[in-house]
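Structure record follows, encoded as structure tokens.
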2 protein chains.
Amino acid sequence: MKNKELQEKRMKGYFIQATKEILKSEGIKAISVRNIADKAGYSYATLYNYFKDINDLVFLCVSDFQAECESFVSEQTKKEPKGIKKLKASILAYIKYFIEYPGIFDLFFITKGGDFGNKQQIIDVISNSLDRVCNIDWEYCLKHKIILETDIELLKTQLRYSVIGLLILYLNRLTPKLYSEFITQANRLIDSELGIKYENLNDAMKDEQTKIQNSIISVNIG
Amino acid sequence: MKNKELQEKRMKGYFIQATKEILKSEGIKAISVRNIADKAGYSYATLYNYFKDINDLVFLCVSDFQAECESFVSEQTKKEPKGIKKLKASILAYIKYFIEYPGIFDLFFITKGGDFGNKQQIIDVISNSLDRVCNIDWEYCLKHKIILETDIELLKTQLRYSVIGLLILYLNRLTPKLYSEFITQANRLIDSELGIKYENLNDAMKDEQTKIQNSIISVNIG
DNA sequence: TAAATATAATTAACGATGTTAATATTTCCA
DNA sequence: TGGAAATATTAACATCGTTAATTATATTTA
């Protein structure tokens with residue numbers, strides 16, 4: 001019985017790995033049972049011995065990608081000084097991750113919830129994706145009273161919405177047309193959102209704010 | 001020659017009308033050449049005598065829907081007193097339009113730009129969709145110095161991104177789960193964005209702001 | 001070890017899809 | 001009225017997701 005489980009897990013792994021590769025390189029439009037099975041080295045019908053349907057398979061990848069995204073952001077921002085500056089860098093790195101893998105962005109935010117049976121677990125992962133990526137930063141800012149408890153939920157929500165909107169418009173090739181302009185927009189957006197409650201901030205954050213706004217306000221994430 | 005043009009225009013009209021009906025009722029996933037042609041009362045191949053392909057047809061609908069959206073918002077907000085309050089009501093009505101016709105939201109923001117050959121005209125319509133809907137309000141606020149010239153572009157941009165992000169997360173059934181909660185979020189979002197530069201506002205807007213914030217901050221758009 | 005059984009993998013098939021090529025029909029003018 | 005031009009339709013092809021039938025493999029039993 002143990003062998004069987006192991007083998008089944010391995011088989012599933014092959015298909016999941018193949019699906020992830022396709023999602024990353026060619027995007028969700030290139031996903032097909034035959035395509036996945038090809039890459040996994042099996043016939044397309046074999047897939048159905050291990051997965052209910054293609055969506056079941058596709059969305060098993062979500063958690064994996066979220067973890068990968070968190071690692072990516074962590075790696076990209078490890079040199080940043082903790083606080084608002086690192087928070088901003090994390091958000092920019094988060095954006096960069098999806099620019100690098102637009103197929104994963106599609107999977108997270110474009111593909112309809114109904115397509116994967118509205119699984120609550122996956123919905124939660126996606127909904128809180130940015131929050132989790134920035135979790136350390138939020139907690140640090142809270143602990144050191146850089147951001148007030150009363151403001152933090154609104155901040156998180158605003159940033160979540162804005163970042164997704166920004167990415168949607170850029171990735172779907174609507175606007176802006178240039179990458180450089182997009183980065184400028186991203187910076188402006190984050191600065192503005194994080195500055196929302198400027199007049200309510202305590203001294204610690206005012207210091208940070210001043211420093212940020214005096215520097216050239218464009219952090220290169222390229 | 002004149003007859004021919006007229007007839008061609010009529011034929012195109014039949015297909016466009018059919019496409020619009022399907023987009024509104026069943027959404028873009030229900031779009032197919034056979035489906036459209038059925039509704040138009042012709043064979044599916046006839047469609048190709050008048051349109052290059054199915055995307056060409058689908059995206060001819062964009063401008064029509066934008067105009068319709070503008071009318072909808074105008075109608076919904078005609079009783080509101082001009083200024084910030086009407087601006088907010090317009091944004092909420094804009095949101096309501098897409099809640100009512102999620103298929104049109106898909107068409108505007110989800111469907112990839114590449115799918116309709118990156119036509120700049122259509123890209124512009126979509127990119128500036130919210131701005132145009134609120135155009136009268138922005139101009140009024142500017143004229144009466146309720147919003148400063150220096151802030152207006154940032155405000156527009158922020159709102160554009162936030163509103164799209166909000167709608168994406170809700171329409172794809174991720175979060176929030178309840179419509180009432182969604183409306184609360186929408187209100188909070190708009191209030192927060194429009195209050196961004198509170199400390200920079202002149203008296204006219206401070207008055208408006210105070211009034212808004214003293215009232216229950218939830219405008220029912222249902 | 002050989003036969004019987006259970007399991008896993010594959011091919012065949014169905015109803016869709018978008019699009020093109022080959023036909024059939026209608027329209028219009030000499 | 002005949003024939004040319006325009007227009008509409010059916011046939012066909014290569015895709016797609018999914019299921020059923022079939023074959024190959026592995027496991028168990030005699």
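Just the heavy atoms: all of them, side chains too, but no hydrogens, waters or symmetry mates, feed the values below. Residue numbering restarts at 1 for every chain, and letters A, B, ... go by the order of the sequence lines. Just so you know, these numbers come straight off a predicted model, no measurement behind them.
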Separation of D:dA26 atom C1' from A:Gln7 atom CD, nearest Å, is 10 Å
Rounded interatomic separation in angstrom, taking CD from B:Glu8 and C1' from D:dA5:
15 Å
Between C1' of C:dA8 and CG of A:Leu47, the distance in whole Å:
14 Å
Mind calculating the distance between CG (A:Asn49) and P (D:dT25) to the nearest angstrom?
16 Å
Find the distance A:Tyr42:OH to D:dT25:C1' and express it as a whole number of Å.
12 Å
Within the structure, does a side-chain N or O atom of B:Thr46 lie under 4.0 Å from either OP1 or OP2 of D:dT9?
yes
Indicate yes or no: does A:Asp137 engage A:Lys86 in a salt bridge with an N to O separation below 4.0 Å.
yes
Look only at the side chain of A:Gln66 and the backbone of A:Ser129, and say whether a donor-acceptor pair between them is shorter than 3.5 Å.
yes
Partner of A:Phe72 by ring-ring contact (aromatic ring centres under 6.0 Å, His included), out of A:Tyr97, A:Phe65, A:Phe98
A:Tyr97
Here the distance between atom P of C:dA9 and atom CG of A:Asp38, to the nearest Å, is 16 Å
Any carboxylate oxygen within less than 4.0 angstrom of a Lys/Arg side-chain nitrogen, looking at B:Lys88 and B:Asp191?
yes
Need one value for A:Tyr50: base, sugar-phosphate or nothing, where a base atom within 4.0 Å counts as base even if backbone is also close, heavy atoms only.
sugar-phosphate
Salt-bridge present (A:Glu26, A:Lys29; N to O < 4.0 Å)
no
Sidechain N-carboxylate O distance under 4.0 Å for A:Lys24, A:Glu68
yes
Anything under 30° is parallel, anything over 60° is perpendicular, the rest tilted; go ahead and classify A:Tyr42 against A:Phe15.
tilted
CD on A:Glu70 to CD1 on A:Ile136, rounded to 0.5 Å
8.5 Å
Protein-nucleic acid N or O pairs under 3.5 Å, nucleotides 17-24 of chain C:
residue: C:dG18; atom: OP1; partner: B:Ile31; partner atom: O; Å: 3.4
residue: C:dG18; atom: OP2; partner: B:Val33; partner atom: N; Å: 3.0
residue: C:dG18; atom: N7; partner: B:Arg34; partner atom: NH1; Å: 2.8
residue: C:dG18; atom: O6; partner: B:Arg34; partner atom: NH2; Å: 3.3
residue: C:dT19; atom: OP2; partner: B:Tyr48; partner atom: OH; Å: 2.8
residue: C:dT19; atom: OP2; partner: B:Ile54; partner atom: N; Å: 3.3
residue: C:dT19; atom: O5'; partner: B:Tyr48; partner atom: OH; Å: 3.3
residue: C:dT19; atom: O4; partner: B:Arg34; partner atom: NH2; Å: 3.4

Whole angstroms only, please: what is the CG-P distance between A:Leu6 and C:dA8?
13 Å
Between A:Ile28 (CD1) and D:dC16 (P), how many Å, whole number?
15 Å
So what is the end-to-end bend of the helix from C:dT1-D:dA30 to C:dA30-D:dT1, with 5 pairs used at each end and the value given to 10 degrees?
30°
Test ring-ring contact (aromatic ring centres under 6.0 Å, His included) applied to A:Phe105 and A:Phe108, A:Tyr101, A:Phe109, the passing residue
A:Phe109
